[in-house]
Amino acid sequence: MNVKTRFPPSPTGFLHIGSLRTAFYNFLFAKKHDGTFLVRVEDTDRERLVEGAVESLIRTLETVGITYDEGPILVNGKLAEKGPNGPYTQSHRLEIYKEHAQMLALQGSAYYCFCSKERLEELRNQQTIAKLQTKYDRHCLKLDKEEISRRLAARESYVIRLLIPDGETTFHDEIRGNITISNSEIDDQVLMKADGFPTYHLAVVVDDHLMGVTHIIRGEEWISSVPKHVILYKAFGFPMPLFAHLPLILNADKSKLSKRQGDVAVEDYLAKGYLPEALVNFVALLGFNPTGDREIYTVQELIDAFDLSRVNKSGAVFDRTKLDWMNGQYIRSIDSSRLFELVKPFWGTASGLEDTQKEKILAVEKERLTTLGELAQRAQMYLELPDYTAETLVWKKADAQDALMHLKNLETLMGSIDLSSRELIEGAIKKYIGDNGYQNGNVLWPMRVALSGQAQSAGPFDLLWVLGKEEGLTRIHTAITKLAS
């Protein structure tokens, strides 16, 4: 079998974290089997369309490194397409859906419905009052061909509904095994709406068949819709694809991941300085882990290890703490030149510093960063000494006089030592500590606070290396003044 997967987002906003995982799993599966991965824009819900959402989606997929073989692309900022099975936007395929819906109606697998919105609403109200399942009552199924032709000729508003057969529908899910649903639970689904647009159910089946999709990998919220799709595949005589439904992504309290409890859009995480490779690594492990004994994987390792049979059935908790840890690991391991490029939007008020100064700050602060977005706040310390109290300068095992003595000695020492490397700075100050039998904390604590103005910061040798002699001496002198006053 020539494997082909797809990711069919609706252009209704930003890319959801759950959708990122779906796209990535489809990408991994296709690459694992030397297959094809396509992207298709499902824009038939016209009321929810967001201007620019398709362009944003394409850029986001490119940013996180998810490439595809067919689908919409941007060429000089304008939408275009690649691949032999287009159009890849459903609103450009309306005639295709109309032909297929009419084919079903002609063979008796679907039927025309002319019921008004008012009648349907009254039907639902009556069924709700009677505590019955809200379903269409097949009022229009009894219409004969002559009446249908007459009403069509009169241009009456209509939809085309799928005629659900009696019995039950069984399908196999690659993650969950066999699933059986009684057809009595399924409504006669509208396939073509009155505005000439298809519903999701018709469009997705027709498109997946015509585009040669062999494996449908999507969220578990679509499980209840599969019987409608299976019935459609059989009615059309299409070969059945394989289905795999991914577990939900959950908040820490096991509720469904939603905006109410934090960010859910991929773009939000990228804007805060989460690295693309950290994000895709993290979402890949939401329901799947290749080995169970590690967390960091390259994309190629994930491709090689991906197996639908090892995807969990139960929901996966979105652990922000784990994502923060993972992102920090990537920040510390990434190539310095690439990291310097990635942090360009995140310098804040420090953006005007010379590149050599920025490189030093980044070399020191990357060891403490969780996200690139934290850099602006951390870099501010190198621009301007934060205000702090004299008490902060005193090591817990010493007193103010001890701190004052060491700072005065350091001020003298700094005037004569080479500050061109952290190693030289560390060697000179540690020699001062060792030659005099001092405790590290008594010397290094006041020195670090004097240079940073903070109780928690990078180490004093790093700080002095970044600040340089002139600024370092100025800050040491400020600390001496605080203690002496």
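Nothing here was measured: the structure is a model prediction, and the numbers come from that model.
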For the residue pair S255 and L250, establish whether any side-chain heavy-atom pair is separated by less than 4.5 Å.
no
In sequence, state the C-alpha distance, the side-chain angles, and the governing distance for L74 and L79, and then conclude on side-chain contact (heavy atoms from CB on, under 4.5 Å).
CA-CA 5 Å; L74 288 175; L79 282 172; 3.8 Å; yes
Looking at K430, I want to see if its NZ is surrounded by more than 12 non-hydrogen atoms of other residues, nucleotides or ligands under 6.0 Å.
no
Quick check for you: to the nearest 0.5 Å, what is the distance between I249 atom CD1 and F318 atom CZ?
7.5 Å
Look only at the side chain of T22 and the backbone of G18, and say whether a donor-acceptor pair between them is shorter than 3.5 Å.
yes
To the nearest 0.5 Å, what is the distance between CD1 (I175) and CG (L246)?
5.0 Å
Among all residues two or more places apart in sequence or in another chain, which pass the side chain to side chain donor-acceptor pair (under 3.5 Å) test with K254?
none
Does some side-chain heavy atom of V3 sit less than 4.5 Å from a side-chain heavy atom of T36?
no
What closest approach, in Å, do V213 and I216 show between heavy atoms, and which atom pair accounts for it?
CG1-CG1, 4.1 Å
One pair to check against salt bridge (charged side-chain N to carboxylate O under 4.0 Å, His left out): D195 and R46. What are the steps and the verdict?
CA-CA 10 Å; D195 62 2; R46 308 304 289 176; over 6 Å; no
Criterion side-chain contact (heavy atoms from CB on, under 4.5 Å) on L424 and I417, from CA distance to verdict
CA-CA 8 Å; L424 289 173; I417 63 175; over 6 Å; no
N-O pairing of R59 and E55 below 4.0 Å:
no
Under a 3.5 Å cutoff, is there a donor and acceptor pairing between the side chains of Y382 and E471?
no
Give a yes or no answer on whether the side chain of R448 reaches the backbone of A455 with a donor-acceptor pair at less than 3.5 Å.
yes
Return yes when atom CD of E367 has more than 12 non-hydrogen atoms of other residues, nucleotides or ligands closer than 6.0 Å, and no otherwise.
yes
Side-chain contact, heavy-atom cut-off 4.5 Å: F197 with D45?
no
Just wondering, are more than 12 heavy atoms of other shown residues or ligands nearer than 6.0 Å to NZ in K98?
no
Quick check: do L232 and L104 have side-chain heavy atoms less than 4.5 Å from each other?
yes
Kindly check if the number of other-residue, nucleotide or ligand heavy atoms within 6.0 Å of CD (E470) is above 12?
no
Does the ring of Y68 carry K82 above it, NZ/CZ under 6.0 angstrom from centre and within 45° of its axis?
yes
Side-chain atoms of residues 346-356: list all donor-acceptor pairs with protein atoms under 3.5 Å, sequence neighbours left out, distances to 0.1 Å.
| unit_1 | atom_1 | unit_2 | atom_2 | d |
| --- | --- | --- | --- | --- |
| T349 | OG1 | Q380 | OE1 | 2.4 |
| S351 | OG | G348 | O | 3.1 |

Does N251 use its side chain to pair, donor to acceptor, with the backbone of V317 at less than 3.5 Å?
no
For atom CG of D293, decide whether the heavy atoms of other residues, nucleotides or ligands shown that lie under 6.0 angstrom number more than 12.
yes
Taking every non-hydrogen atom, the tightest pair across I223 and P227:
O-CD, 3.6 Å
Any donor-acceptor pair under 3.5 Å from D187 side chain to Q189 backbone
no
G373 backbone acceptor or donor facing K272 side chain under 3.5 Å:
no
Keeping T134 on the side-chain end and R124 on the backbone end, is there a donor-acceptor pair under 3.5 Å?
no
Any chance the side chains of D307 and S309 put a donor and an acceptor closer than 3.5 Å?
yes
Would the F236 and H100 ring centres measure less than 6.0 Å apart?
yes
Over all heavy atoms of both residues, which pair between L463 and A458 is shortest? Give the atoms and the distance, please.
CD1-O, 3.4 Å
Would E277 and R338 pass as an ion pair if we require N to O under 4.0 Å?
yes
Between the side chains of T169 and N183, does any donor sit under 3.5 Å from an acceptor?
yes
Hey, what do you get for NZ (K228) to CG (L162), rounding to the nearest 0.5 Å?
9.0 Å
Do E301 and R294 meet the salt-bridge criterion of a basic N to acidic O distance under 4.0 Å?
yes
Do any N or O atoms from the side chain of N26 and from the backbone of T5 form a donor-acceptor pair under 3.5 angstrom?
no
Take atom CG in N2; do more than 12 heavy atoms of anything else shown fall under 6.0 Å from it?
no
Sub-3.5 Å donor-acceptor pair from the side chain of S19 to the main-chain atoms of L15, do we have one?
no
Examine F306 together with Y25 and report whether their ring centres are nearer than 6.0 Å.
yes
Could you pull out the closest heavy-atom pair between L57 and F7, with the gap in Å?
CD1-CE2, 4.0 Å
Taking all atoms of both residues into account, what is the closest heavy-atom pair of L275 and N327, and its distance?
N-OD1, 2.7 Å
Taking W445 for its side chain and T392 for its backbone only, find out whether a donor-acceptor pair lies under 3.5 Å.
yes
Ion pair check, E426 and R422, cut-off under 4.0 Å:
no
Would a distance-only check, ignoring hydrogens and angles, find a side-chain to backbone donor-acceptor pair under 3.5 Å from E374 to T370?
yes
Could you walk me through whether F14 and V266 pass the side-chain contact (heavy atoms from CB on, under 4.5 Å) check?
CA-CA 7 Å; F14 295 118; V266 174; over 6 Å; no
Taking all non-hydrogen atoms of both residues into account, name the closest pair between Y388 and A450 and its distance.
OH-CA, 3.9 Å
Can I get a per-line list of side-chain donor-acceptor pairs under 3.5 Å for residues 198-212, giving both atom names and the distance, sequence neighbours left out?
| unit_1 | atom_1 | unit_2 | atom_2 | d |
| --- | --- | --- | --- | --- |
| T199 | OG1 | V190 | O | 2.7 |
| T199 | OG1 | L191 | O | 3.4 |
| Y200 | OH | R218 | NH1 | 3.1 |
| H201 | ND1 | H229 | NE2 | 3.0 |
| D207 | OD1 | R93 | NE | 2.8 |
| D207 | OD1 | R93 | NH2 | 3.0 |
| D207 | OD1 | Y97 | OH | 3.1 |
| D207 | OD2 | Q90 | NE2 | 2.9 |
| D207 | OD2 | Y97 | OH | 2.6 |
| D208 | OD1 | R6 | NE | 3.0 |
| D208 | OD1 | R40 | NH1 | 3.0 |
| D208 | OD1 | R40 | NH2 | 3.0 |
| D208 | OD2 | R6 | NE | 3.2 |
| D208 | OD2 | R6 | NH2 | 3.0 |

Going by ring-ring contact (aromatic ring centres under 6.0 Å, His included), name the residues that satisfy it together with F29, two or more places apart in sequence or in a different chain.
H33, H215
Show me the donor-acceptor pairs within less than 3.5 Å that the side chains of residues 280-287 make with the rest of the protein, sequence neighbours left out.
| unit_1 | atom_1 | unit_2 | atom_2 | d |
| --- | --- | --- | --- | --- |
| N281 | OD1 | Y297 | N | 2.9 |
| N281 | OD1 | Y330 | OH | 2.6 |
| N281 | ND2 | E295 | O | 3.0 |

So that I can tick it off, tell me whether K4 and E70 are bridged by a salt bridge, with the cut-off set at under 4.0 angstrom between side-chain N and carboxylate O.
yes
side-chain contact (heavy atoms from CB on, under 4.5 Å) partners for Q329, two or more places apart:
I296, W325, R332
